[in-house]
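Hydrogens, waters and symmetry mates play no part in the numbers below; they use all other heavy atoms, side chains included.
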Amino acid sequence: EGATNLAGTASFVVRPGSYTASFQKEDYQSFQAEYDFVSDTMLTITLVKTHAEVQIWLKTGDSPVNDAMVVLDGDTLYTNLLGMCIFGSLPIESGYSFTATKELYKTASGDFFLRTDTSIELQFARSVAKIEFVIDFEYGHPSNAFVVLAGDSSGFNASGIARFFNIPLD
């Protein structure tokens, strides 16, 4: 019994004779065969991948979106500080659906067919915006200045800025 090194190679010293060899690796189909060894022998075994990993990356522009909920066929993960979550050991040759949600962002969803390890990068769009209006007070600060936007109003502060938060983008 032994394990392969980082290059995928394993060496054994055995006496001439018949041996049953079994090959197993997580996310690959196991393989077993009978071998007759009479002298130095090199075997090349190719294992068939049965499962893969899916990385989902969420960004707004170049900025990662942290703590977004991603549901992939009923399994739920949250993105990390890099805007990424990893679903491991998913059966290949299968179709999958995902949905990504986070407060103040539009829901993103999609479907894909998994054949091998896969990365999906999504541009996550905000569903609301912060809007600022700035007045240039060339002749002094006007008293009681305000702006009305989408039925809401905001007064200008001493710096000449009026701010609105969570304004729907649709």
Side-chain angles (χ1 to χ4, degrees), residues 1-132 163-170:
E1 187 172 312
T4 57
N5 61 22
L6 292 175
T9 303
S11 296
F12 299 92
V13 176
V14 296
R15 296 187 189 281
S18 291
Y19 295 90
T20 300
S22 297
F23 305 90
Q24 300 172 341
K25 179 168 175 51
E26 185 178 348
D27 294 338
Y28 289 81
Q29 184 177 355
S30 298
F31 175 74
Q32 182 174 319
E34 184 80 21
Y35 296 97
D36 290 316
F37 298 114
V38 292
S39 65
D40 290 348
T41 304
M42 178 184 281
L43 300 173
T44 301
I45 307 299
T46 302
L47 298 179
V48 177
K49 195 166 182 74
T50 59
H51 292 72
E53 170 182 285
V54 174
Q55 295 181 357
I56 297 181
W57 298 79
L58 299 178
K59 294 183 178 183
T60 297
D62 290 333
S63 300
V65 178
N66 180 34
D67 206 32
M69 183 174 71
V70 181
V71 179
L72 179 74
D73 278 3
D75 290 332
T76 302
L77 294 176
Y78 288 85
T79 56
N80 61 19
L81 291 172
L82 300 174
M84 175 188 67
C85 61
I86 301 173
F87 293 88
S89 201
L90 297 171
I92 61 170
E93 302 304 324
S94 297
Y96 293 91
S97 297
F98 65 89
T99 302
T101 57
K102 182 171 178 156
E103 187 177 14
L104 308 180
Y105 289 86
K106 294 180 181 178
T107 297
S109 60
D111 301 299
F112 62 95
F113 191 82
L114 185 62
R115 290 194 170 89
T116 188
D117 292 337
T118 301
S119 288
I120 299 171
E121 185 172 317
L122 299 172
Q123 280 296 320
F124 221 27
R126 290 185 58 89
S127 61
V128 295
K130 176 179 111 178
I131 299 175
E132 292 185 347
R163 291 185 176 101
F164 292 89
F165 297 94
N166 299 332
I167 301 298
L169 294 173
D170 288 339

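- Here the side chain of Thr79 pairs no donor or acceptor atom with the backbone of Cys85 at under 3.5 angstrom.
- Side-chain atoms of Glu53 and Asp27, non-hydrogen and from C-beta on, never get closer than 4.5 Å to each other.
- Closest approach of Gln24 and Ser30 over heavy atoms only: CG-OG, 3.5 Å.
- For the residue pair Gln55 / Ser119, a side-chain donor-acceptor distance below 3.5 Å is found, with atom types taken as modelled.
- A distance-only check finds a donor-acceptor pair linking the side chain of Ser127 to the backbone of Leu104 [under 3.5 Å].
- Residue Thr118 holds its OG1 atom at 13.0 Å from CZ of Phe87, rounded to the nearest 0.5 Å.
- Taking all atoms of both residues into account, the shortest heavy-atom contact from Phe124 to Ala68 is CE2-CB, 4.1 Å.
- How far CD1 of Ile92 is from NE2 of His51: 8.5 Å, rounded to the nearest 0.5 Å.
- Side chains of Leu47 and Gln29 form no contact here, defined as non-hydrogen atoms less than 4.5 Å apart.
- Expressed to the nearest 0.5 Å, how far CE of Met84 lies from NZ of Lys59 amounts to 11.0 Å.
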Problem set entry | From CA spacing to verdict: side-chain contact (heavy atoms from CB on, under 4.5 Å), Glu93, Arg115 | CA-CA 5 Å; Glu93 302 304 324; Arg115 290 194 170 89; 3.8 Å; yes
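- Looking only at side-chain heavy atoms (C-beta outward), Tyr105 and Leu58 stay at 4.5 Å or farther from each other.
- The closest side-chain heavy-atom distance from Leu114 to Ser94 is not below 4.5 Å.
- Counting heavy atoms from C-beta on, the side chains of Lys106 and Arg126 never come closer than 4.5 Å.
- Using a 4.5 Å heavy-atom cutoff, the side chains of Asp73 and Ser97 are in contact.
- Counting only heavy atoms from C-beta outward, the side chains of Leu90 and Leu72 approach each other to under 4.5 Å.
- Taking both residues in full, the closest heavy atoms of Gly83 and Pro64 are given as N-CB, 3.6 Å, listed atom of the first, atom of the second, then distance.
- Contact annotation: the side chain of Trp57 approaches that of Leu82 to within less than 4.5 Å [non-hydrogen atoms, C-beta and beyond].
- Tyr19 and Phe37 have tilted rings, their planes meeting at an angle from 30° to 60° on a 0 to 90° scale.
- When the ring pair (Phe, Tyr, Trp, His ring centres under 6.0 Å) test is applied to Tyr96, the partners found at least two apart in sequence or on another chain are Phe112.
- Side chain of Ser109 to backbone of Phe98: no donor-acceptor contact under 3.5 angstrom is found.
- When atom types are taken as modelled, the side chain of Lys25 and the backbone of Lys49 share no donor-acceptor pair closer than 3.5 angstrom.
- Atom-to-atom distance recorded for Glu34:CD and Thr20:OG1 is 3.5 Å, nearest 0.5 angstrom.
- Rounding to the nearest 0.5 angstrom, the gap separating the OG1 atom in Thr60 from the CD atom in Gln123 is 6.5 Å.
- Crowding of Tyr78 atom OH: a count of heavy atoms from other residues, nucleotides or ligands under 6.0 Å not exceeding 12.
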